[in-house]
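Step one of this worksheet: look at the structure below.
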Amino acid sequence: MELSLRNTLTRESDVIGPLDGATFRFYCCGPTVYGPAHIGNLRTFVLQDVFRRFIESLGIETCHVRNITDVDDKTIRESQRSGLSLQEFTQQWQRKFTNDCQALNILPPAHEPSAVAHIADQIRLIERLIDQGHAYQAENGSVYFRISSFKEYGKLSRLKLSGIQKNASDRLVDNDEYDKESWRDFALWKTWKSEDGPNRWESPWGPGRPGWHIECSAMSMHYLGESFDLHSGGIDLIFPHHENEIAQSEAATGKPFAQHWFHIAHLRVNGEKMSKSLGNLYTLDEVVDRGFQPAALRYLLLSGHYRQPLNFTWESLAAAASTLRRILGHAEGVDPELLENAGDTSLETFIFNPVLEALCEDLNTPKALGVLNVGLQGLKALDDGAQQAARRDLARILQMLGLPWQFQKSRTETRVPPEVEALALQREKARIAHKWDEADLLREALLKQGWEVRDEVGGFEINRTEGNV
RNA sequence: GGCGCGGUCGCCAAGUGGUAAGGCCGAGGACUGCAAAUCCUCUAUCGUCGGUUCGAUUCCGACCCGCGCCUCCA
């Protein structure tokens with residue numbers, strides 16, 4: 001079995017395998033750490049994680065690099081606002097990001113470089129570009145990439161230079177167009193300005209800081225070499241970020257940069273892109289505060305194809321939570337150690353194979369989940385042996401998708417207010433005394449307060465009604 | 001203006017040139033003091049109009065609607 005994955009560069013599907021025949025080397029553009037990641041950001045990282053888990057499960061060794069962007073306009077601006085140093089500020093958000101990833105069961109990359117820690121690499125790369133005539137220092141002191149020197153510019157996004165409308169997105173940051181040879185040229189090194197405060201690094205072009213694009217080129221080449229297998233990020237990074245990375249990197253090395261480009265579509269809310277200005281940003285903390293487990297979000301994010309926008313609603317999250325809870329019910333009683341020595345094909349049964357095939361077709365996670373559910377139908381009617389085999393399949397699939405084997409005990413359980421607890425206990429007493437009317441009234445009272453009580457053998461459980469998983 | 005994506009059951013979402021996976025919700029049943037959970041069963045002709053074809057939701061064209069990118073947004 002091999003994975004065919006759509007390549008943004010060619011707009012065709014390629015079979016995924018390591019260029020060097022040994023290790024699949026890939027780079028993912030990581031977060032800019034100036035605030036909490038929103039669940040749209042997390043979609044990208046979850047899909048990249050599934051990609052990695054899947055190719056590893058196919059027996060391919062990987063080297064996964066995901067950077068931390070800790071120097072740019074936003075990190076500098078926000079750190080100053082917060083009164084912290086850039087380093088203190090970004091480290092705090094990096095820790096938050098790491099926690100979110102952990103909660104979502106995203107594997108840590110093999111290397112997680114910070115842009116600030118690789119400024120020397122970036123400077124060397126810029127020097128190479130200047131030496132070859134691909135970059136120049138302007139009168140304002142900044143260094144720009146000369147787009148006219150790279151004939152293939154636009155090959156990823158397929159935007160023609162002539163068709164690029166100036167500041168079409170109204171996001172133009174620097175008003176430096178008169179300093180550049182062409183307004184399309186982009187900054188490699190930004191000369192220090194007073195508003196940057198203490199955030200400056202020495203360079204052959206004077207104090208300043210690197211441009212965003214050069215950071216990723218330098219870091220990816222540092223860890224993966226001048227040519228590597230795959231580069232990934234959110235779909236919005238195609239232009240200009242990845243286009244510029246290609247231009248810089250290939251102009252400097254004369255070699256192809258990344259073989260394959262893997263882009264993940266956006267998560268939407270109410271049919272629109274998440275953004276601060278629309279006020280429709282959600283974070284993992286908000287998801288958890290509403291009583292959902294991170295795994296439910298992960299399931300939801302997998303329920304749409306990565307090349308298709310996915311519309312987030314609280315209703316769809318609740319649906320994901322319900323489905324996942326049911327699926328995990330089937331995984332109960334599977335010994336995780338069974339998987340340790342399960343590298344054999346005996347596991348490939350009627351459940352496993354269809355899922356594998358779906359994932360091999362351009363990482364079709366929604367189809368995979370669909371056929372998983374089909375496989376699970378009628379499971380309980382099977383004989384013990386078949387059920388055991390099916391459960392091991394399931395466990396292996398969950399591992400591949402990065403889903404947990406069981407939900408954690410409800411996190412809200414410990415936060416039940418005493419008065420709610422008291423009502424529930426009162427109801428339990430009434431039940432034991434077979435005072436059904438009283439018990440039902442108390443249950444309704446609890447429900448009105450947003451708490452649901454469920455009877456279990458020898459006791460009960462209370463949960464928040466929303467996202468009660 | 002340029003480039004690109006999409007419109008499939010109430011909601012989410014796959015898919016195919018031969019009459020449409022799956023999930024959630026809902027309905028019915030089993031179970032249960034009643035609920036919940038669980039299990040079983042049921043629920044769509046694919047934006048509009050043309051064309052190609054023996055046959056199109058799937059290919060082509062037009063149109064309508066929604067969305068993304070066009071210099072630092074995942």
Side-chain angles (χ1 to χ4, degrees), chain A residues 11 28-32 37-45 47-48 69 72-74 147 154 157-160 162-169 171-174 177 183-187 190 211-213 215 232-241 243-244 263-268 271-276 299-300 303-305 307-313 315-327 329 354 358 361 364-381 431 434-437 439-440 443-444 447 452-456 460-461 463 468:
Chain A
R11 314 281 159 113
C28 301
C29 286
T32 302
H38 63 249
I39 58 178
N41 297 320
L42 296 171
R43 178 187 191 190
T44 299
F45 302 121
L47 264 299
Q48 289 165 345
T69 299
D72 79 327
D73 289 343
K74 291 187 292 277
I147 284 186
S157 60
R158 305 203 177 180
L159 289 172
K160 292 192 179 86
S162 56
I164 294 180
Q165 205 166 76
K166 197 159 152 188
N167 199 21
S169 61
R171 286 189 299 126
L172 206 63
V173 175
D174 282 328
E177 59 176 293
W183 68 269
R184 298 182 189 91
D185 291 349
F186 57 90
K190 296 183 160 196
W212 178 36
H213 314 302
E215 295 174 5
S232 170
I235 194 168
D236 53 324
L237 296 186
I238 292 175
F239 192 90
H241 186 52
E243 195 70 73
N244 291 352
H263 289 107
I264 292 106
H266 280 145
L267 187 66
R268 292 185 187 166
E272 285 174 312
K273 181 178 164 176
M274 283 197 174
S275 72
K276 272 190 179 157
Y299 187 95
L300 176 65
S303 74
H305 188 85
R307 284 201 283 122
Q308 224 49 60
L310 179 64
N311 198 24
F312 173 87
T313 63
E315 196 187 353
S316 62
L317 181 57
S322 297
T323 308
L324 183 58
R325 179 172 48 194
R326 182 177 49 71
I327 290 174
E361 296 163 13
N364 195 333
T365 52
K367 188 175 185 182
L369 295 175
V371 296
L372 171 62
N373 278 305
V374 173
L376 259 19
Q377 284 170 358
L379 182 66
K380 299 213 164 163
R431 274 191 72 228
H434 288 224
K435 293 178 183 168
W436 309 126
D437 289 346
D440 289 349
R443 180 164 57 202
E444 270 179 46
L447 207 55
E452 186 177 40
V453 58
R454 288 177 184 165
D455 296 328
E456 293 187 335
F460 61 90
E461 193 168 314
N463 275 303
N468 52 353

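Note on naming: letters A, B, ... go to the chains in the order of the sequence lines (proteins, then strands), and numbering restarts at 1 for each one. Just the heavy atoms: all of them, side chains too, but no hydrogens, waters or symmetry mates, feed the values below. Bear in mind the structure is a predicted one, so any value in this text is a computation, not a measurement.
Judged purely by atom type and a 3.5 angstrom limit, A:R43 uses its side chain to pair as donor or acceptor with the backbone of A:A265.
A:G40 comes within contact range of at least one nucleobase, with a heavy-atom separation under 4.0 Å. Among the heavy atoms of the strands lying under 4.0 Å from A:L237 are primed sugar atoms or P, OP1, OP2 only; no base atom is included. In this structure, A:H241 reaches neither bases nor backbone, as no heavy-atom distance under 4.0 Å exists between it and the strands shown.
Contact annotation: side chain of A:K273 to base of B:C73, donor-acceptor pair present below 3.5 Å. Judged by atom type and distance alone, A:D440 reaches the base of B:G33 through a side-chain donor-acceptor pair under 3.5 Å. Residue side chain A:R443 reaches the base of B:C34 through a donor-acceptor N/O pair under 3.5 Å, judged by distance alone. One can find a donor-acceptor pair under 3.5 Å joining the base of B:C34 and the side-chain atoms of A:D455.
Spacing between B:A13 and B:G6 at atom C1', rounded to whole Å, works out to 13 Å. Distance check on atom P: B:U57 versus B:U52 gives 15 Å, rounded to whole Å. The C1' atoms of B:C9 and B:G4 are separated by 29 Å, rounded to the nearest whole Å. Here the separation of B:A36 from B:G28, taken at their P atoms, is 12 Å to the nearest Å. A gap of 15 Å separates the C1' atoms of B:U48 and B:U8, to the nearest Å. Distance check on atom P: B:U43 versus B:G10 gives 15 Å, rounded to whole Å. Comparing B:C73 with B:C60, their C1' atoms are spaced 37 Å from each other, to the whole Å. For the C1' atom pair drawn from B:C42 and B:G47, the interatomic distance equals 28 Å after rounding to whole Å.
The CD1 atom of A:I238 sits 8 Å away from the C1' atom of B:C69 (whole-angstrom rounding). When rounded to the nearest whole Å, the span between CG of A:L317 and C1' of B:C11 equals 13 Å. Between the CZ atom of A:R11 and the P atom of B:C69 there is a distance of 15 Å, given to the nearest Å. Between the CD atom of A:E272 and the P atom of B:G68 there is a distance of 6 Å, given to the nearest Å. With rounding to whole Å, A:W436 atom CH2 is found 4 Å from B:G33 atom C1'. Taking atom CD of residue A:E215 and atom P of nucleotide B:A74, one finds them 13 Å apart after rounding to whole Å. At whole-Å resolution of the value, CG in A:L447 and P in B:A36 are 11 Å apart. Per the geometry, CZ belonging to A:F460 stands 19 Å off P belonging to B:G33, to the nearest Å.
Closest of all the heavy-atom pairs between A:P366 and A:S303 is CB-O, 3.3 Å. Nearest heavy-atom pair, A:L237 versus A:C29, reported as atom, atom and distance to 0.1 Å: CD1-CB, 3.7 Å. Considering every non-hydrogen atom in both A:A439 and A:R431, the closest pair reads CB-CG, 3.8 Å.
Taking the six-membered ring where tryptophan is involved, the planes of A:H213 and A:H241 are tilted, since the angle between them lies from 30° to 60°.
In this structure, B:G22 and B:C12 make a Watson-Crick or G-U wobble pair, each of the two defining distances being under 3.5 angstrom. Pairing partner, B:U32: none, since no Watson-Crick or wobble contact has both distances short of 3.5 Å. Of all nucleotides present, only B:A62 satisfies the Watson-Crick or G-U wobble test against B:U48, with each distance under 3.5 Å. Across all strands shown, B:G68 pairs with B:C3; the Watson-Crick or G-U wobble distances both stay below 3.5 Å. B:U43 makes up no base pair with any nucleotide shown, lacking Watson-Crick or G-U wobble contacts both under 3.5 Å. Here B:G55 sits opposite no nucleotide as a Watson-Crick or G-U wobble pair (both hydrogen-bonding atom distances under 3.5 Å).
With the nearest nucleotide of RNA chain B identified for both A:G370 and A:R431, A:G370 has the one nearer the 5' end. Between A:Y299 and A:T44, the residue anchored closer to the 5' end of RNA chain B is A:Y299, taking for each the nucleotide with the nearest heavy atom.
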Contact list (N/O, under 3.5 angstrom) for nucleotides 40-45 of chain B vs protein:
unit_1	atom_1	unit_2	atom_2	d
B:C40	OP1	A:G378	N	3.0

All N/O pairs under 3.5 Å across the protein-nucleotides 24-28 of chain B interface:
unit_1	atom_1	unit_2	atom_2	d
B:C24	OP1	A:R326	NE	3.2

Please write out each protein N/O paired with an N/O of nucleotides 14-19 of chain B under 3.5 Å, distance rounded to 0.1 Å.
unit_1	atom_1	unit_2	atom_2	d
B:A14	OP1	A:H305	N	2.8
B:A14	O3'	A:N364	ND2	3.1
B:G15	OP1	A:N364	ND2	2.8

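You'll find that the side chain of A:W183 is closest to B:U71, out of B:U71, B:C12, B:A74. Of all nucleotides listed (B:C12, B:A74, B:U71), B:U71 comes nearest to the side chain of A:I147. Nearest to the side-chain atoms of A:L310 among the listed nucleotides B:C73, B:C12, B:A74 stands B:C12.
Between the NE2 atom in A:H263 and the CG atom in A:L47 there is a gap of 13.0 Å [rounded to 0.5 Å]. A:K435 contributes atom NZ, which lies 14.0 Å from atom CG of A:D440 (distance to the nearest 0.5 angstrom). Distance check: A:T365 OG1 to A:L372 CG gives 12.0 Å after rounding to the nearest 0.5 Å. The line from CG of A:N244 to CG of A:D185 is 10.0 Å long, rounded to the nearest 0.5 Å. Interatomic distance, CD1 of A:I238 versus CD of A:E243, reported as 9.5 Å (0.5 Å rounding). Interatomic distance, OG of A:S232 versus CZ of A:F45, reported as 9.0 Å (0.5 Å rounding).
Between A:L267 and A:H38, every side-chain heavy-atom pair lies at or beyond the 4.5 Å cut-off. You'll find the side chain of A:R326 reaches within 4.5 Å of the side chain of A:N373, heavy atoms only.
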Test side chain to side chain contact (heavy atoms under 4.5 Å, CB included) on A:I39 and A:M274 and set out the steps. CA-CA 9 Å; A:I39 58 178; A:M274 283 197 174; 3.2 Å; yes
Verify side chain to side chain contact (heavy atoms under 4.5 Å, CB included) between A:N311 and A:S316, making sure each step is shown before the conclusion. CA-CA 8 Å; A:N311 198 24; A:S316 62; over 6 Å; no
